[in-house]
Amino acid sequence: MTHSAINCVQNAPIFKGLAAEDIAQLAQISVHQELVKRGQVLYQPFTPLQRMMIVDQGRVKVYQLDENGKEKVLYMLRAGSIDSEAALFTQHQHYNYAEAAEDSLICSIGRADFQALIHRVPQVAFNLLNVLGDRLTALESVSALTGNLKAKNRILVYLQQVSEQQQQNPLILPEKKKELASFLGITPETLSRQLGQLVQEGLLKIDGRKMTLVEK
């Protein structure tokens, strides 16, 4: 399957609704399908913000390290996700790490080219505000999940959110269990134990990465 530079740009939420000629120009000034191997770090704290990334294929995890070097996953980027939007407007630095969770293909666009487009097409700026609003809501949701709720309830709420996002039940677990445990702020052992508890209580059925929430 060949890569479509037009589709890659067009599928990014920030560029939805743009005229075909603007999409075509963005596709021409973007860098497409850079191969990033699993485990390769795309950016880390104190490196300069230089480009917005679009994940064309694969998965990228964005995380922080605590003072003991323990990893805390903030969010996962999948096909169609964008990241480092701030690079389009600021010359600040990154605060987190981004690492390929599997071999991935990344597209990107630089600040100067993007700002030139905004002067011509202000709609792009409004699209970006919506994307940033969604990201803020997602991070607030993470804070709620990892804050006051007990481990079992964190897992249950998370699975309910994924089911809503995928609009299906059974749902497909989008992360590996180790990544999910880090995201929820619990150990992999606690995750496995609490999933088993949910199964025993009749609230969940598990078949590999396919999970069915059972209503009572």
Side-chain angles (χ1 to χ4, degrees), residues 8 11-14 31-88 92-109 131-147 149 151 154-155 157-166 171-192 194-195 208-211:
C8 183
N11 290 337
I14 188 175
V31 176
H32 285 272
Q33 284 201 315
E34 292 180 295
L35 176 62
V36 182
K37 289 288 191 178
R38 177 184 177 185
Q40 183 176 338
V41 175
L42 286 84
Y43 60 75
Q44 57 189 340
F46 309 117
T47 56
L49 280 162
Q50 295 179 327
R51 59 179 187 166
M52 184 187 79
M53 299 190 311
I54 304 172
V55 179
D56 180 50
Q57 296 178 37
R59 293 185 306 125
V60 174
K61 63 178 177 180
V62 178
Y63 62 94
Q64 294 176 339
L65 295 177
D66 65 17
E67 62 274 12
N68 297 316
K70 185 178 179 180
E71 183 181 293
K72 167 60 181 171
V73 175
L74 300 177
Y75 51 89
M76 299 293 296
L77 303 170
R78 300 176 186 84
S81 297
I82 64 174
D83 189 55
S84 301
E85 306 93 327
L88 303 176
H92 287 227
Q93 300 172 330
H94 286 285
Y95 297 104
N96 305 315
Y97 294 85
E99 178 183 318
E102 59 189 54
D103 290 355
S104 304
L105 293 172
I106 306 296
C107 306
S108 61
I109 182 170
V131 171
L132 292 178
D134 290 341
R135 178 68 55 79
L136 180 59
T137 299
L139 290 175
E140 288 175 345
S141 177
V142 171
S143 178
L145 278 176
T146 59
L149 296 179
R154 292 183 197 180
I155 297 167
V157 170
Y158 168 81
L159 294 176
Q160 290 168 344
Q161 291 177 347
V162 172
S163 180
E164 291 174 2
Q165 292 168 359
Q166 296 181 359
L171 61 94
I172 305 300
L173 194 65
E175 290 93 14
K176 294 180 179 179
K177 290 182 180 178
K178 182 179 179 181
E179 296 166 349
L180 176 56
S182 175
F183 176 71
L184 294 176
I186 58 180
T187 66
E189 294 77 16
T190 297
L191 174 62
S192 296
Q194 294 301 327
L195 285 172
R209 294 180 72 169
K210 182 187 292 185
M211 300 191 176

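One is the number of the first residue; the rest follow in order along the sequence. Quick note: numbers below take in every heavy atom, side chains included, and nothing from hydrogens, waters or symmetry partners.
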Colleague: What I'd like to find out is whether the side chain of V157 reaches to under 4.5 Å of the side chain of Q161, using heavy atoms alone.
Modeller: yes

Colleague: Would a distance-only check, ignoring hydrogens and angles, find a side-chain to backbone donor-acceptor pair under 3.5 Å from K72 to S182?
Modeller: yes

Colleague: Taking the basic N atoms (NZ, or NE/NH1/NH2) and the acidic carboxylate oxygens, is any pair closer than 4.0 Å for R38 and E99?
Modeller: no

Colleague: Side chains of M53 and L42, heavy atoms from C-beta outward: is any pair under 4.5 Å?
Modeller: yes

Colleague: So, taking the atom named NE2 in H32 and the one named SG in C8, what distance separates them when rounded to the nearest 0.5 Å?
Modeller: 5.5 Å

Colleague: For D83 and Y75, does a side-chain donor sit closer than 3.5 Å to a side-chain acceptor?
Modeller: yes

Colleague: Might you work through the side-chain contact (heavy atoms from CB on, under 4.5 Å) test for Y97 and K61, ending with a clear yes or no?
Modeller: CA-CA 8 Å; Y97 294 85; K61 63 178 177 180; over 6 Å; no

Colleague: Should R59 and E179 count as an ion pair when the cut-off is N to O under 4.0 Å?
Modeller: yes

Colleague: List for me each residue that meets side chain to side chain contact (heavy atoms under 4.5 Å, CB included) alongside K37, sequence neighbours excluded, and say none if there are none.
Modeller: L35, Q40, D103

Colleague: Between CE of M211 and CD1 of I172, what distance do you get to the nearest 0.5 Å?
Modeller: 9.5 Å

Colleague: I would like to know whether Q93 and L49 meet side-chain contact (heavy atoms from CB on, under 4.5 Å); could you show each step before the answer?
Modeller: CA-CA 5 Å; Q93 300 172 330; L49 280 162; over 6 Å; no

Colleague: Could you tell me which non-hydrogen atom of L171 sits nearest to which non-hydrogen atom of L159, and how far apart they are?
Modeller: CD2-O, 3.3 Å

Colleague: Supply the atom-to-atom distance L173 CG to Y158 OH, rounded to the nearest 0.5 angstrom.
Modeller: 5.5 Å

Colleague: Let me see the working for E71 and L65 under side-chain contact (heavy atoms from CB on, under 4.5 Å), right down to the final yes or no.
Modeller: CA-CA 5 Å; E71 183 181 293; L65 295 177; 4.0 Å; yes

Colleague: Which atom pair, heavy atoms only, marks the closest approach of V55 to V60?
Modeller: CG2-CG2, 4.3 Å

Colleague: Holding to side chain to side chain contact (heavy atoms under 4.5 Å, CB included), I want the full list of residues that pass it with S192, two or more places apart in sequence or in another chain.
Modeller: none

Colleague: For the backbone of V31 and the side chain of R51, can you confirm whether one donor and one acceptor N or O come within less than 3.5 Å of each other?
Modeller: no

Colleague: CD1/I109 to OG/S84 distance, rounded to the nearest 0.5 angstrom?
Modeller: 13.0 Å

Colleague: Quick one: does S163's side chain have a donor or acceptor within less than 3.5 Å of a partner on Q160's backbone?
Modeller: no

Colleague: Checking Q44 side chain against A98 main chain: does a donor-acceptor pair fall under 3.5 Å?
Modeller: no

Colleague: Within the distance-only criterion (no hydrogens, no angle test), does the side chain of N68 pair as donor or acceptor with the backbone N or O of K70 below 3.5 angstrom?
Modeller: no

Colleague: Please check if the side chain of R78 supplies one atom and the backbone of G58 the other of a donor-acceptor pair under 3.5 Å.
Modeller: no

Colleague: Carefully, step by step, assess S108 and I54 under the rule side-chain contact (heavy atoms from CB on, under 4.5 Å).
Modeller: CA-CA 6 Å; S108 61; I54 304 172; over 6 Å; no

Colleague: Determine the minimum heavy-atom distance between H94 and P48, stating which atoms define it.
Modeller: CD2-O, 3.7 Å

Colleague: Hey, what do you get for CG (D56) to CD (Q33), rounding to the nearest 0.5 Å?
Modeller: 5.0 Å

Colleague: Distance check, rounded to the nearest 0.5 Å: Q194 atom CD versus E189 atom CD?
Modeller: 12.5 Å

Colleague: So, the side chain of S104 versus the backbone of V36: is there a donor-acceptor pair under 3.5 Å, distance only?
Modeller: no

